[in-house]
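Worksheet for the structure shown next.
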Amino acid sequence: MKDEVSRPKLFRTVADLREFLLPWRRAGKRIGFVPTMGALHEGHLSLVRASKAETDCTVVSIYVNPTQFGPTEDFARYPRNLERDMELLSHEGVEAVFAPDDAEMYPPGYNTWVEVKGVSEPLEGECRPGHFRGVATVVLKLFNIVQPDVTYFGAKDYQQSLVVRQLIRDLNLPIELKVLPTVREPDGLAMSSRNSYLSPDARSRATVLWKSLQKAQDLLAQGERDPQVIQEAMRQIILSVPGTSIDYVALVDPETLSPVSTITGPTLAAVAVRLEGTRLIDNLLLQP
Ligand code: AMP
């Protein structure tokens, strides 16, 4: 299977994708859906492989969604390489790729927005106002277009997975959400399309996010239960690396993302760090 190469069908319009999916759905086949912004890496492919293993028809969307980027963010320079992505997906046996343009997703007069409250507000929500409104809006649109049985997201974007979980619950979407572990480079750096922005030198320094998360786990293993102490140790590690600045270092409840006052159960450590103009995020679920 892995060695067979069969190019996925590429769809540019909602109507064409729906026409393709209709017979699958009518035949009772299970549809798996992996939403991405392309520039695919092993993190994305882990989601694709799970969908291939667990469903009958895997749809991957590749769409750099403008509405989830702030005005000063990296929308214009975000890496785009559809040909390479199609090639990678050919080796996974993906049935369909949906790669719409902006006019297909947001035609003139587009005027509906989806806002998930609560879990979208802290952390990324504070640093990137409007980000999760854009995410929730495009994800709901994509769910309505694909109508999957199962959808696959990565724990790399932990807060995003909570926002999607809330969206699915609140709007009664008949979709099963699966959140899969973060895929890392051998040195611990979480795979990300944005890693390509890093100079070789910054790339080696970027391991500091993972090091700070491991430090948190180590301190917890040694019996430390004060989140302030752990956060301070993480900050020191990060700021000891030249060129870094911290958006946040947080120890929070993994369900609500509220700060914890003492660590008594599973706790999410989450970091957002800028390194020479590139914003990187990572997280680790700490187990006391
Ligand atoms: P993106 O293309 O960055 O929007 O990511 C698309 C999906 O892939 C999201 O569900 C991400 O959480 C997931 N993803 C991105 N990087 C990784 C990674 N290193 N490991 C696992 N999943 C990932």
Side-chain angles (χ1 to χ4, degrees), residues 35 37 43 65 67-75 113-140 153-171 177 179-182 190 192 194 206 208-217 219-220 224-239 244-275 278-288:
M37 299 203 298
N65 172 38
T67 68
Q68 70 189 68
F69 288 79
T72 63
E73 293 182 357
D74 56 341
F75 174 70
W113 303 97
V114 181
E115 203 158 353
V116 174
K117 301 283 190 186
V119 288
S120 71
E121 289 165 21
L123 308 178
E124 291 298 289
E126 272 179 17
C127 297
R128 306 183 66 188
H131 169 65
F132 284 124
R133 182 175 107 134
V135 168
T137 300
V138 81
V139 166
L140 181 59
F153 281 74
K156 158 79 177 16
D157 301 280
Y158 184 95
Q159 187 173 12
Q160 171 173 272
S161 75
L162 291 191
V163 169
V164 173
R165 186 176 76 177
Q166 187 81 44
L167 174 80
I168 287 174
R169 275 190 197 155
D170 289 352
L171 298 182
L177 170 65
V179 181
L180 300 192
T182 301
S192 165
R194 289 188 167 99
V208 73
L209 282 84
W210 177 233
K211 284 181 188 144
S212 74
L213 294 167
Q214 284 180 306
K215 178 72 179 179
Q217 184 64 73
L219 287 171
L220 203 63
E224 183 57 62
R225 292 290 180 271
D226 182 348
Q228 297 299 335
V229 171
I230 296 175
Q231 282 164 205
E232 190 45 42
M234 295 172 72
R235 298 184 81 92
Q236 273 181 26
I237 289 180
I238 293 164
L239 295 176
T244 55
S245 67
I246 293 175
D247 269 8
Y248 58 78
V249 166
L251 263 59
V252 294
D253 181 294
E255 298 296 318
T256 63
L257 303 183
S258 314
V260 291
S261 49
T262 55
I263 300 173
T264 55
T267 301
L268 185 79
V271 295
V273 173
R274 290 175 195 271
L275 179 55
T278 297
R279 188 173 184 280
L280 300 171
I281 61 170
D282 202 352
N283 68 82
L284 182 64
L285 191 58
L286 307 177
Q287 303 283 357

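Index from 1, following the sequence.
Under the 4.5 Å side-chain criterion, counting only non-hydrogen atoms from C-beta, Val208 is not in contact with Leu275. For the pair Leu209 and Ile238, the minimum side-chain heavy-atom distance is 4.5 Å or more. Side-chain contact between Ile281 and Gln159 is absent, with no heavy-atom pair separated by less than 4.5 Å.
In plain terms, the two heavy atoms of Pro254 and Pro266 that are nearest each other are CD-O, 3.2 Å. Smallest separation of non-hydrogen atoms from Gly125 and Phe132: N-CE1, 3.9 Å. Between Val252 and Thr267, the shortest heavy-atom distance links the atoms O-CG2, 3.5 Å. For the pair Ala155 and Thr182, the tightest heavy-atom approach, listed with the atom from each and the gap, is C-OG1, 3.4 Å. Taking all atoms of both residues into account, the shortest heavy-atom contact from Leu167 to Ala136 is CD2-O, 4.1 Å. Smallest separation of non-hydrogen atoms from Lys156 and Ala190: CD-CB, 3.7 Å.
In this structure, the side chain of Glu126 does not engage the main chain of Leu123 through any donor-acceptor pair within 3.5 Å. Asp247 contributes no side-chain N or O that, together with a main-chain N or O of Arg274, makes up a donor-acceptor pair within less than 3.5 Å. Between the side chain of Ser161 and the main chain of Tyr158, a donor-acceptor pair closer than 3.5 Å is present. When atom types are taken as modelled, the side chain of Ser120 and the backbone of Val163 share no donor-acceptor pair closer than 3.5 angstrom.
Ion pairing between Glu124 and Arg279 holds under the 4.0 Å rule for side-chain N and carboxylate O.
Between Leu162 atom CG and Asp157 atom CG the span is 11.5 Å, to the nearest 0.5 Å. To the nearest 0.5 Å, atoms OG1 (Thr262) and CD (Gln228) are separated by 11.5 Å. Atom CG of Leu286 and atom CD1 of Ile263 lie 6.5 Å apart (nearest 0.5 Å).
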Derivation and outcome, salt bridge (charged side-chain N to carboxylate O under 4.0 Å, His left out), residues Glu224 and Lys215: CA-CA 11 Å; Glu224 183 57 62; Lys215 178 72 179 179; over 6 Å; no
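The side-chain contact (heavy atoms from CB on, under 4.5 Å) check on Thr67 picks up Asn65, Tyr106, Trp113, with sequence neighbours excluded.
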